[in-house]
Amino acid sequence: MSKSLSQIVLPVAGGTALALSLALVVANLDYGQNKISSLEGRLEQASMRADEAAGKAREEAAVTAELEAKIAEIQADAKVRAASNPGLTEYAPKRESGYGLGRKARTEEIAAWDIDVLPDGRGLPQGRGDVFTGEEVFAEKCASCHGDFAEGVDNWPVLAGGFDTLADKDPVKTVGSYWPHLSTVWDYVHRSMPFGEAQTLTPDETYAIVAYILYSNDLVDDEFELSHENFSGFEMYNKGGFLIDDRPEREYARWSSEPCMENCKPSVEITMRATFLDVTPENGGESVMNDAKADDTPTFVAKAATSDATGGEAETAAPSPAIDPALLASGEKVFKKCKACHAVGEGAKNKSGPQLNGLIGRPMGAVEGFKYSKVFVAAHGEGRIWDETALTEFLAKPKSYMKGTKMSFSGLKKEEDLAAIKAYLKSFGE
Amino acid sequence: MDSKMKTSRRTFLKGSVALAGGSVAGAAVANEADPLITEVQEWASATGVGVDETPYGMPISFEKDVVRRNVEWLTASPISSINFTPIHALDGTITPQGCAFERHHSGAIELRKEDFRLMVNGLVDTPLVFSYQDLERFPRENHVYFCECAANTGMEWAGAQLNGAQFTHGMIHNMEYTGVPLRTLLNEAGLGAAGDLTGKWVYVEGADASSNGRSIPMEKALDDVLVAFKANGEALRMEHGYPVRLVVPGWEGNMWVKWLRRIEVTDAAVESREETSKYTDVYEDGTARKWTWVMDAKSVITSPSPQMPVSHAPGPMVISGLAWSGHGKITRVDVSRDGGITWQKARLGKQGDSKALTRFYLDGDWDGKAMLLQSRAMDETGYVQPTKQQLRDSRGENSVYHNNCIQTWYVDENGVVENVEVS
């Protein structure tokens, strides 16, 4: 009995999903008990008469058959459950009538947040602005990054020009050359610019700026005024330049055949090697350095490698040794927040913010060739000087210390950061 | 503690020299007894650090190089920028949140759960506002998905540029998300007002200064999009949109709006800046493709790779990498050691999940000779990852996004690895 049972049980128990149900079946048949009393059983069997033995055998066969049937049933059931993933990865239920969660949005709330403008002009508020006004607002709020003529400063986005470059290898994609809808310009400037002071432009200012950007792109003349009335009539230069994703027809069918595994091409040569690596981890640095010798390096030169060399090298200039090196190190880290706009150190040039060499003791707004905002020009006129206190207050809250500054930076909140950045800047001369 | 550290480090160095000697000599033959074994080590005698030393644990200091890194010249400012997941140093498929790449258009913001509001408006029966707590009361689901920036590998269109899988392929991460299906929230507001749902859209935007609005066709919105609030079991990180982000399985990362604040049902695509000026693909003739949402099948060998040179002698060697497809499951990955002349089927670490990273391995021996390593993914639609040449022939080189080409690593006799292009 025990033998025949285990013969049935073991192969099936191989499927772990069934283990639990099988344990139940086995328990019902008193498998354990049978085993324990097997000695007595053998004794009894020995004294059994032939017909009794035959009867017992028949019984056993019946039980076995029953068991087999049961197991088949469990297996079939498990298959069905496995196919339908019982309760395990079921999708979240859905209540047709809803859950009654959330509250009704108020009209003024929707008005405050629902400010998107669609290509047909839906969503635009009423208002107007001309090129002339736009030029003024742009000079004040946008030019420090995008340039007086929207031509882009340093690495900041170019907003004008680039016409007929889209088929070039390095297309210049600007509002003028690339953007298909005027609504996008209005919507984006209104919701996301100026960078660091988003959602502060009035509708009239936005109309004016958009008119000026069109003017910078030679798409309108200097008399042009943009308003909610003439908006939807305006057609962008690249309006017809966009088609819908055609990868399915263009590529998917062609690239879905059984791929080659052997002798797929006669030979392979290296045609180009990467020669530029921007970041070298401090440890194991040698492993990532490119060892390509001069004679076999490719002609390709990463264009931005050069711009990095002119702009960002400043922090490697040797700092004066008197200062706590740990503080200097964290100062260098904090300066990462400034780096996009400022350079410091030997040969530091103005970026979208002035270079910061010898800052402490330097008159405010004093870097030659840098176009400061009115408030800095005024501070310079008053002969104000950068000392530690002034610098701390300015960097903690640039906009409130220098009302009207064009430095789009929200300020350093932590005392440690302020102390560190001061130590760091001081290391480049006082 | 300091002096303890020093002693153990010295012993450790001695030990590793002995070990290195052993490995040069071939298999397990040591020239002398290993002091790491024969001498009682500091850590085997003194006690270690108690519980509560770090209430939230960070990786051990020896792993401090396994971090996100950025390439500064790519963008004008770190506030509108991207960094890269150290995929070269990870194994398995799940990306720990702390080293999962970041991409911000106006910096990462600190938004408290208490200050979180999610509005559903537009063509719905009842415009609604949900609090964070409301979201936690809807039935939720768990799914693992990859999130890949459309610009991943974008620098490589013109040629081999960056030396490291982290930099060529690290704009990707793979997490287990917990969230509420977007369809549940749309159903809550009622789609009756939208009428026929064909040609309808869902416009989503975030609470940060960029707001990063994107339009998603209704069909996808009702399919597998999640409004997620947990990743890998814990709250989302600030840089990934805490407290709530959108998960748009298989589609480009820019659509996975972070700090989600508004969902609007519309009858047209908004054609926002992020779906016109950016995240559109310029082809050779100067025309652009828009609505290129799906991330096609792609793979890369993460080790060896330029940051993971072969540091051992010839003999047993594990080649490992990642494969994924925005169309569904990865069904097969082939690896070539000779730049694509012959290919071998790799072993999948685990049967691929749909729209999630799949790990693959090629186990074999390195003969100590130079190799040109490539991997080629196939997904359940039968699509085969293309070569760079196939992609260029189809689209040209003007594009920035959706570069899913086969990557080549050149491994020289010393085990140094380099990013190259081959004929």
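So that the names make sense, note that chain A is the first sequence line, chain B the second, and so on, each numbered from 1.
- Interface summary for chain A: among B:Arg183, B:Arg140, B:Glu284, B:Arg137, the most heavy-atom pairs under 4.5 angstrom belong to B:Arg137.
- Comparing B:Pro78, B:Gly340, B:Ala189, B:Ala268 by heavy-atom pairs within less than 4.5 Å of chain A, the highest count is held by B:Gly340.
- A side-chain donor-acceptor contact under 3.5 Å links A:Asp245 to the backbone of A:Arg247.
- Taking A:Val185, A:Ile110, A:Asp187 one by one and counting their heavy-atom pairs under 4.5 Å with chain B, the maximum is reached by A:Ile110.
- When heavy atoms are compared at a cutoff of 4.5 Å, A:Arg103 approaches chain B by way of both its backbone and its side chain.
- Within the cation-pi definition used here (under 6.0 Å to the ring centroid, within 45° of the axis), B:Arg261 qualifies as a partner of A:Trp113.
- Atom CG of A:Asp170 is separated from atom CH2 of B:Trp157 by 13.5 Å, given to the nearest 0.5 angstrom.
- Remark: aromatic rings of A:Tyr252 and B:His327 are close, center separation under 6.0 Å.
- When heavy atoms are compared at a cutoff of 4.5 Å, B:Tyr283 approaches chain A by way of both its backbone and its side chain.
- Among B:Gln166, B:Arg117, B:Glu275, the residue making the largest number of heavy-atom pairs under 4.5 Å with chain A is B:Arg117.
- Interface residue B:Thr292: backbone and side-chain heavy atoms are both found under 4.5 Å from chain A.
- Interface remark: B:Tyr410 contributes side-chain atoms only to the contact with chain A (heavy atom separation under 4.5 Å).
- Here the closest non-hydrogen pair linking A:Tyr99 and B:Glu188 is N-OE1, 2.6 Å.
- When heavy atoms are compared at a cutoff of 4.5 Å, A:Ala198 approaches chain B solely by way of its side chain, counted from C-beta outward.
- In this structure, chain B has heavy atoms under 4.5 Å from both the backbone and the side chain of A:Phe242.
- For A:Val153, no part sits under 4.5 Å from any heavy atom of chain B, backbone or side chain.
- Salt bridge annotation for A:Asp246-B:Arg289: present, with a cationic side-chain nitrogen under 4.0 angstrom from a carboxylate oxygen.
- For a residue to count as touching a neighbouring chain, one of its non-hydrogen atoms must lie under 4.5 Å from one of that chain's; by this rule A:Arg95 touches chain B with the backbone only.
- The parts of A:Lys169 that come within reach of chain B are both its backbone and its side chain, each placing non-hydrogen atoms under 4.5 angstrom from that chain.
- B:Phe84 does not carry B:Arg69 over the face of its six-membered ring by the limits of under 6.0 Å from the centre and within 45° of the normal.
- Per-residue heavy-atom pair counts under 4.5 Å with chain A were compared for B:Gly213, B:Gly286, B:Gly122, B:Ala288, and the maximum is reached by B:Ala288.
- Counting heavy atoms from C-beta on, the side chains of A:Asp116 and A:Arg191 come closer than 4.5 Å.
- Most heavy-atom pairs under 4.5 Å with chain B, from the set A:Met261, A:Arg106, A:Gln199: that is A:Met261.
- Between the side chain of A:Lys351 and the backbone N or O of A:Lys339, at least one donor-acceptor pair lies under 3.5 Å.
- Within the 4.5 angstrom heavy-atom criterion, no atom of A:Glu197 approaches chain B.
- Contact of B:Asp338 with chain A is made through the backbone alone, with heavy-atom distances under 4.5 Å.
- Panel note: side chain A:Asp168, backbone A:Pro171; no donor-acceptor pair is recorded below 3.5 Å.
- With a 4.5 Å cut-off on non-hydrogen atoms, B:Asn414 does not touch chain A at all.
- B:Phe138 and B:Phe130 have their aromatic ring centers within a separation under 6.0 angstrom.
- If you measure heavy-atom distances from B:His105 to chain A, the contacts under 4.5 Å come from the backbone alone.
- Of all the listed residues (B:Leu391, B:Asp281, B:Asp296), the one sharing the greatest number of non-hydrogen pairs under 4.5 Å with chain A is B:Asp296.
- For chain B, the nearby parts of A:Pro259 are the backbone and the side chain; heavy atoms of each come within less than 4.5 Å.
- With respect to chain B, the highest number of heavy-atom pairs below 4.5 Å among A:Leu118, A:Leu243, A:Leu166 belongs to A:Leu243.
- In this structure, the ring of A:Trp179 has its center no less than 6.0 angstrom from the ring center of A:Trp186.
- Residues B:Asn163 and B:Gln307 bring no donor and acceptor atom of their side chains to less than 3.5 Å of each other.
- With a 4.5 angstrom heavy-atom cutoff, A:Asp120 does not touch chain B via any of its atoms.
- Between the side chains of B:Thr408 and B:Gln374, at least one donor N or O lies within less than 3.5 Å of an accepting N or O.
- For A:Thr165, no part lies near chain B; criterion is any non-hydrogen pair under 4.5 Å.
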**Item:** CA sep, side-chain torsions, deciding dist, call: A:Phe195, B:Ser106, side chain to side chain contact (heavy atoms under 4.5 Å, CB included)
**Value:** CA-CA 7 Å; A:Phe195 196 59; B:Ser106 290; 4.1 Å; yes

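- Residue contact with chain B, scored on non-hydrogen atoms closer than 4.5 Å, involves the backbone of A:Ser257 exclusively.
- The candidate with the highest count of non-hydrogen atom pairs below 4.5 Å against chain A, out of B:Asp134, B:Val282, B:Asp334, B:Asn187, is B:Asn187.
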